[in-house]
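Inspection log for the structure reproduced underneath, given as structure tokens.
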Amino acid sequence: MSTPTSQSLPSASITAANTLTTLLATSPPSNTTTSSSTLTTDLAFLATRLQQFSQHYHQLVEWIDTAPIQSPTLKDQLDKTVPGIEQAVERIVSEVGALKAIGGVDGGVVKAWIGDLAGLSRGVIFGTQILSVDGAEEQETRLDHDEARELFAEARNSTGRVLGGAGLVLN
């Protein structure tokens with residue numbers, strides 16, 4: 001099993017969430033149109049998603065560090081999914097960290113990243129749940145369902161959208 005390579009990702013996610021919160025408090029949109037109000041709400045929700053992801057990813061790292069991985073299918077799924085999740089969240093964290101103000105932020109990207117962070121988190125949560133199951137046979141049984149395959153596929157699809165999509169700031 002490849003251990004998550006980004007041990008600092010939980011704290012980086014929290015830092016990015018705090019950056020958004022600070023920007024929203026110190027440099028709110030200059031106008032009060034519905035679109036700027038929606039953007040403000042969405043950026044606050046993105047900050048919440050980053051905080052939630054941090055918690056879920058931290059739990060996954062703890063389980064990987066302490067639980068013996070017994071299922072070959074679980075090992076394969078985590079090896080295929082976790083590195084991409086890390087890259088996707090690192091991109092979000094990097095772009096949020098580079099923001100100096102919320103003017104010029106692409107609201108469509110914010111909305112997309114909110115959904116994608118949910119998909120990434122679901123993959124991480126499911127991986128953690130399966131790691132907590134004792135025995136390779138029981139792990140295999142829980143992984144041998146369409147829903148299990150769909151959760152990991154959703155995380156990989158979210159990864160692709162974040163990595164292949166537009167950036168946070170409008171050009």
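All values reported here derive from a predicted model rather than from experimental measurement.
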Common cluster, Leu60/Ile125, ILVMFWY with side-chain heavy-atom separation under 4.5 Å: no
Pairwise salt bridge (charged side-chain N to carboxylate O under 4.0 Å, His left out) hits with a residue in residues 123-134, at least two apart: none
Straight-line distance of Glu154 CD to Asp116 CG, nearest 0.5 Å: 9.0 Å
Minimum-distance pair of heavy atoms, taken over all atoms of Val96 and Ala16: CG1-O, 3.3 Å
Under the side-chain contact (heavy atoms from CB on, under 4.5 Å) test, residues paired with Ile114 that sit two or more places apart: Asp42, Phe45, Leu46, Arg49, Val110
Nearest heavy-atom neighbours spanning Leu163 and Gly84: CD1-O, 4.5 Å
4.5 Å side-chain heavy-atom contact, Thr128 and His56: no
Pairwise side-chain contact, Leu120 with Tyr57, heavy-atom cut-off 4.5 Å (strictly under): no
side-chain contact (heavy atoms from CB on, under 4.5 Å) between Val93 and Thr15, intermediate numbers included: CA-CA 8 Å; Val93 164; Thr15 299; over 6 Å; no
Heavy-atom check, side chain of Asp144 versus side chain of Arg149, under 4.5 Å: yes
Listed partners of Thr73 passing side chain to side chain donor-acceptor pair (under 3.5 Å), at least two apart: Glu140
Approximate separation, where rounding is to 0.5 Å, of Leu39 CG and Lys111 NZ: 9.0 Å
Main-chain N/O of Ala17 paired with Thr21 side-chain donor or acceptor, under 3.5 Å: yes
Pairs involving residues 61-95, ordered by first then second residue, that meet ring-ring contact (aromatic ring centres under 6.0 Å, His included) (sequence neighbours left out): none
Spacing of CG belonging to Leu131 relative to NZ belonging to Lys75, to within rounding of 0.5 Å: 12.5 Å
Rounded distance [0.5 Å steps], OG1 in Thr159 versus CD1 in Ile85: 5.5 Å
Set of side-chain contact (heavy atoms from CB on, under 4.5 Å) partners for Glu150, sequence neighbours left out: Asp146
Partner residues of Glu95 under the side chain to side chain donor-acceptor pair (under 3.5 Å) criterion, sequence neighbours left out: Arg91
Same cluster (ILVMFWY, side-chain, under 4.5 Å), Val133 and Ile64: no
Qualifying ring-ring contact (aromatic ring centres under 6.0 Å, His included) pairs with a residue from residues 85-142, counting only residues at least two apart or across chains: Phe126-Phe152
Residues Ser71, Ile130; criterion side-chain contact (heavy atoms from CB on, under 4.5 Å); working and verdict: CA-CA 9 Å; Ser71 164; Ile130 299 302; 5.9 Å; no
Euclidean distance, Leu99 CG relative to Leu23 CG, rounded to 0.5 Å: 6.0 Å
Results of side-chain contact (heavy atoms from CB on, under 4.5 Å) for Ile14 - residues two or more places apart only: Asn18, Gln51, Ser54
Residue list, side-chain contact (heavy atoms from CB on, under 4.5 Å) with His58, at least two apart or on another chain: Pro10, Glu62
Counterpart residues, salt bridge (Lys or Arg N to Asp or Glu O under 4.0 Å), relative to Glu138 (two or more places apart): Arg142
Approximate separation, where rounding is to 0.5 Å, of Leu117 CG and Gln52 CD: 9.0 Å
Those residues that, when tested against Arg156, pass salt bridge (Lys or Arg N to Asp or Glu O under 4.0 Å) (two or more places apart): none
Residues in side chain to side chain donor-acceptor pair (under 3.5 Å) contact with Ser121, at least two apart in sequence or another chain: none
